[in-house]
Amino acid sequence: MSDNEPVTTDKLPQHIAIIMDGNGRWAQARGKKRVFGHKAGMERAREMAETCGELGVKFLTLFAFSSENWNRPAEEVSFLMDLFATSLKNESKKLNKNNVKLKVIGDKAGFDKGLQKAIDKAEALTADNDGLTLNIAANYGGRWDIMQASQQLLTSGRELTEANLVKYLATGTAPEPDLLIRTGGEKRISNFLLWQAAYSELYFSDVLWPDFDGEQLKLALADYAQRQRRFGKTGEQVTG
Ligand code: FPP
């Protein structure tokens, strides 16, 4: 956090999911290439993971690269892949030291072998940690997730129930996100955690991702703390 004011932790979300939007515009507003914004966005992602770990948030899921992002200009895609690979290599020791369990959720088969290896290595190194679980959603799409989980369930021969399907979703044993944040001004889910976000509280911020600092997170958490989560029940039922 950028100052030392405590955040009320009685209503701290266990799981925060973030659509980190606005990197390109952030860079362009500074007369720079879009990729400059992704680099700044990566720094911000790292800082967000640290802050969430310090606050005691148990799960943080960041949307880093969607199944649809392959359609961006080749130069940008290749920059994002390199940034991802380099960051995995440079950051995994520190993540491990901070007791973070790193997981990449998404269709890993779509990445080149080198990146797949870097992902496996970082996941293996941090597998036994029990602090923050940091899910990086890369080559991820909510529809893909539901389809791949259905396929696994079908192959298993188990009965088609919600409880059985959920076990195969890419987020695994993580609880569903309590709070889903999208930065950058757009108000849509963009094929992120379609199943898992069914009851998430949504928070949309106009702030571009590279500017979404600890102060901004604090605003989101304060807003979340005021929400009454009803999960389909009436207000009276929830408050008793
Ligand atoms: C959306 O901004 C951002 C992305 C598609 C990539 C997100 C990637 C990072 C934050 C860096 C990598 C992070 C990790 C954790 C691997 P945009 O480019 O759509 O911005 P725009 O809407 O302004 O064009």
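In each ligand, atom 1 is the first atom listed, and ligand 1 is the first ligand listed.
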Pairing of E236 and R230 as salt bridge, 4.0 angstrom limit
no
Salt-bridge present (E47, R44; N to O < 4.0 Å)
yes
Ligand 1 atoms nearer than 4.0 angstrom to some heavy atom of R72 are 5 (C), 17 (P), 18 (O), 19 (O)
How far is atom 13 (C) of ligand 1 from its nearest protein heavy atom, and which residue and atom name does that atom have?
M42 CE, 3.6 Å
Enumerate the atoms of ligand 1 whose separation from the nearest heavy atom of I136 is less than 4.0 angstrom.
15 (C)
Nearest heavy-atom pair of T183 and V207: which atoms, and what distance?
CB-O, 3.2 Å
Within a 6.0 Å radius of atom NZ on K167, are there more than 12 heavy atoms belonging to other residues, nucleotides or ligands?
yes
I'd like to check which ligand 1 atoms, numbered from 1 as shown, lie under 4.0 Å from a non-hydrogen atom of M20.
1 (C), 2 (O), 3 (C), 10 (C)
Look only at the side chain of T133 and the backbone of F59, and say whether a donor-acceptor pair between them is shorter than 3.5 Å.
no
Close N or O approach (F63, ligand 1; < 3.5 Å):
no
Looking only at protein heavy atoms, identify the closest one to atom 24 (O) of ligand 1 and say how far it is in Å.
R34 NH1, 2.9 Å
Any idea which atoms of ligand 1 are less than 4.0 Å away from a heavy-atom of A64?
6 (C), 7 (C), 8 (C), 14 (C), 16 (C)
Is a side-chain donor or acceptor of S67 paired with a backbone partner of Y140 at a separation under 3.5 angstrom?
yes
Any donor-acceptor pair under 3.5 Å linking the side chain of Q196 with the backbone of E176?
no
What do you reckon, does G22 put a non-hydrogen atom under 4.0 Å from ligand 1?
yes
Could you tell me whether E76 and R34 have a side-chain N and a carboxylate O separated by less than 4.0 Å?
yes
Would you check the N or O atoms of N69, main chain and side chain alike, for any that come under 3.5 Å of an N or O of ligand 1?
no
Would you call R182 and D21 a salt bridge, using N to O less than 4.0 angstrom?
yes
Would you say R25 has any N or O atom under 3.5 Å from an N or O of ligand 1, going by distance alone?
yes
Can you report which non-hydrogen protein atom sits closest to atom 4 (C) of ligand 1, along with the distance?
H38 CE1, 3.9 Å
Less than 4.0 Å is my threshold; does some heavy atom of K39 fall inside it relative to ligand 1?
no
Could you tell me whether some N/O pair between F84 and ligand 1 is separated by less than 3.5 angstrom?
no
E75 with K33: basic N within carboxylate O range, under 4.0 Å
yes
For atom 9 (C) of ligand 1, the closest protein heavy atom turns out to be N23 ND2, 3.7 Å
If you measure from atom 22 (O) of ligand 1 to every heavy atom of D21, I19, L62, which option wins on shortest distance?
D21
